[in-house]
Amino acid sequence: LTPGNFCLSGGLQVRPGKERYFDQDFDPKWLLGPGDLVIAMTDLKQSAPILGSTARIPEQGKFLHNQRIGLVELIADKLDERFAYYLLNSELVRSQLRASATGSTVRHTAPARIESCQIKIPPIETQRVIGGILRTFDDLIENNQQRVGFLEETARLLYREWFVNFRYPGHEEVPLVESESRPFPKGWRVAELGEILTLAYGKALKAADRVGGPVAVYGSGGLVGWHDEPLVSGPAIIVGRAGTAGSVHWSETDAHPIDSAFYVSSSLPSRWLHQMLITCTFVLSGAAIPILNRHDLYRTQILMPNTDLIENFDRLIAPVYGLSASLSCQTAFLKEARDLLLPRLVSGDLDISDLNLGLEAVS
């Protein structure tokens with residue numbers, strides 16, 4: 001594990017291509033166990049957004065401890081494990097760790113600094129209730145995210161079956177014609193993306209200027225916040241321009257892409273267009289920071305099906321997109337509610353009795 005495996009708000013992430021492995025003999029004491037609490041003690045950024053992020057070791061996989069990761073050991077009957085996870089990830093603790101961190105470029109904390117954080121601790125019974133409440137939120141969020149992932153995979157597989165493998169309804173009656181690359185159905189043609197869509201630049205919108213609201217703010221890496229004024233009406237397709245260049249995102253609602261992204265304009269059905277762009281491989285430029293030039297994208301060649309087939313696919317896939325959007329909206333609400341409750345629960349500023357009963361009804 002490295003600090004790069006930690007999410008900003010807690011928990012682990014494994015980004016493809018960023019994994020680190022060790023294939024030699026090691027002392028078994030460095031092998032972390034399922035359920036262990038670990039904390040990031042080093043951050044490469046001056047603002048230290050990862051410093052103090054805490055995660056649980058999952059049941060699956062093997063994870064090795066290293067010198068930049070702290071293993072949290074709880075004193076029995078003093079701190080509940082689930083409560084400890086949320087407490088360490090709260091701003092109450094994280095702000096103290098940032099304030100006491102050392103290093104001008106790379107920021108560091110230490111066990112003694114973590115142990116010296118001052119907090120109010122409720123009785124162990126109350127801790128267990130609070131940990132259970134917040135864990136229920138996380139379980140609901142995780143369940144929704146898994147369902148959204150399943151729906152997204154369903155859409156990708158259906159697109160591939162129809163438009164890559166050419167097994168669409170009625171394909172038996174359509175002969176294949178030869179081409180320089182591979183045979184494709186009669187009536188289809190090779191086209192450039194510039195013939196069927198245009199890309200417009202997003203508009204800069206600093207985090208401090210985002211006032212919250214129903215408008216999704218997108219950067220090249222995906223959703224980054226919420227605002228009250230759209231740049232494009234939903235549904236919208238956003239393509240990463242700089243940074244996570246070439247990434248493709250979908251917004252069911254009105255959106256405000258920022259200047260690290262493009263948004264797509266086209267007369268073609270948007271859900272088919274979204275799935276088609278996901279399958280494309282774009283030419284990128286730039287050594288340090290990858291850049292997608294829209295004119296390079298325009299020259300990307302695709303197989304263009306007939307319009308009727310595109311419209312049939314779009315109608316068929318619409319309910320999948322609708323359910324996915326609904327679940328994503330629920331997830332955003334649950335995250336917002338959890339993040340609002342977290343500091344009040346761990347600080348003891350909120351009476352948990354009514355909240356606990358209400359959450360049991362929801363779950």
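Computed from heavy atoms alone, side chains included, the values below leave out hydrogens, waters and symmetry copies.
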Residue pairs involving residues 127-142 (criterion salt bridge (charged side-chain N to carboxylate O under 4.0 Å, His left out); sequence neighbours excluded): R135-D139, D138-R338
F26: partners by ring pair (Phe, Tyr, Trp, His ring centres under 6.0 Å), with sequence neighbours left out: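 None.
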Residues in ring pair (Phe, Tyr, Trp, His ring centres under 6.0 Å) contact with F262, at least two apart in sequence or another chain: Y201
Residues forming a side chain to side chain contact (heavy atoms under 4.5 Å, CB included) with D25, sequence neighbours excluded: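 Listed in chain order: nothing, the list is empty.
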Residues in side chain to side chain contact (heavy atoms under 4.5 Å, CB included) contact with P175, at least two apart in sequence or another chain: K186
Can you list the residues that meet the salt bridge (charged side-chain N to carboxylate O under 4.0 Å, His left out) rule with [X], with sequence neighbours excluded?
X	answer
E153	R156
R82	none
E311	none

Ring-ring centroid check F313 Y168, cutoff 6.0 Å: no
Does [X] sit in a hydrophobic cluster with other residues, and if so which ones, taking ILVMFWY side chains as linked at heavy-atom separations under 4.5 Å, directly or through other members?
X	result
I124	none
V211	none
Y263	L231, V232

More than 12 heavy atoms from other groups under 6.0 Å of CD on E195: yes
Whether H274 and W250 hold their rings parallel, tilted or perpendicular, with breakpoints at 30° and 60°: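 H274 and W250: tilted rings.
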E152 vs Y321, side-chain hydrogen bond (donor to acceptor under 3.5 Å, both in side chains): CA-CA, chis, key distance, verdict: CA-CA 8 Å; E152 291 175 347; Y321 271 68; over 6 Å; no
Closest contact, heavy atoms only, V283 versus D296: O-CB, 4.3 Å
Pairs where residues 80-132 contributes a residue and the test ring pair (Phe, Tyr, Trp, His ring centres under 6.0 Å) is met, not counting sequence neighbours: none
Side chains of S247 and H249, donor plus acceptor under 3.5 Å: yes
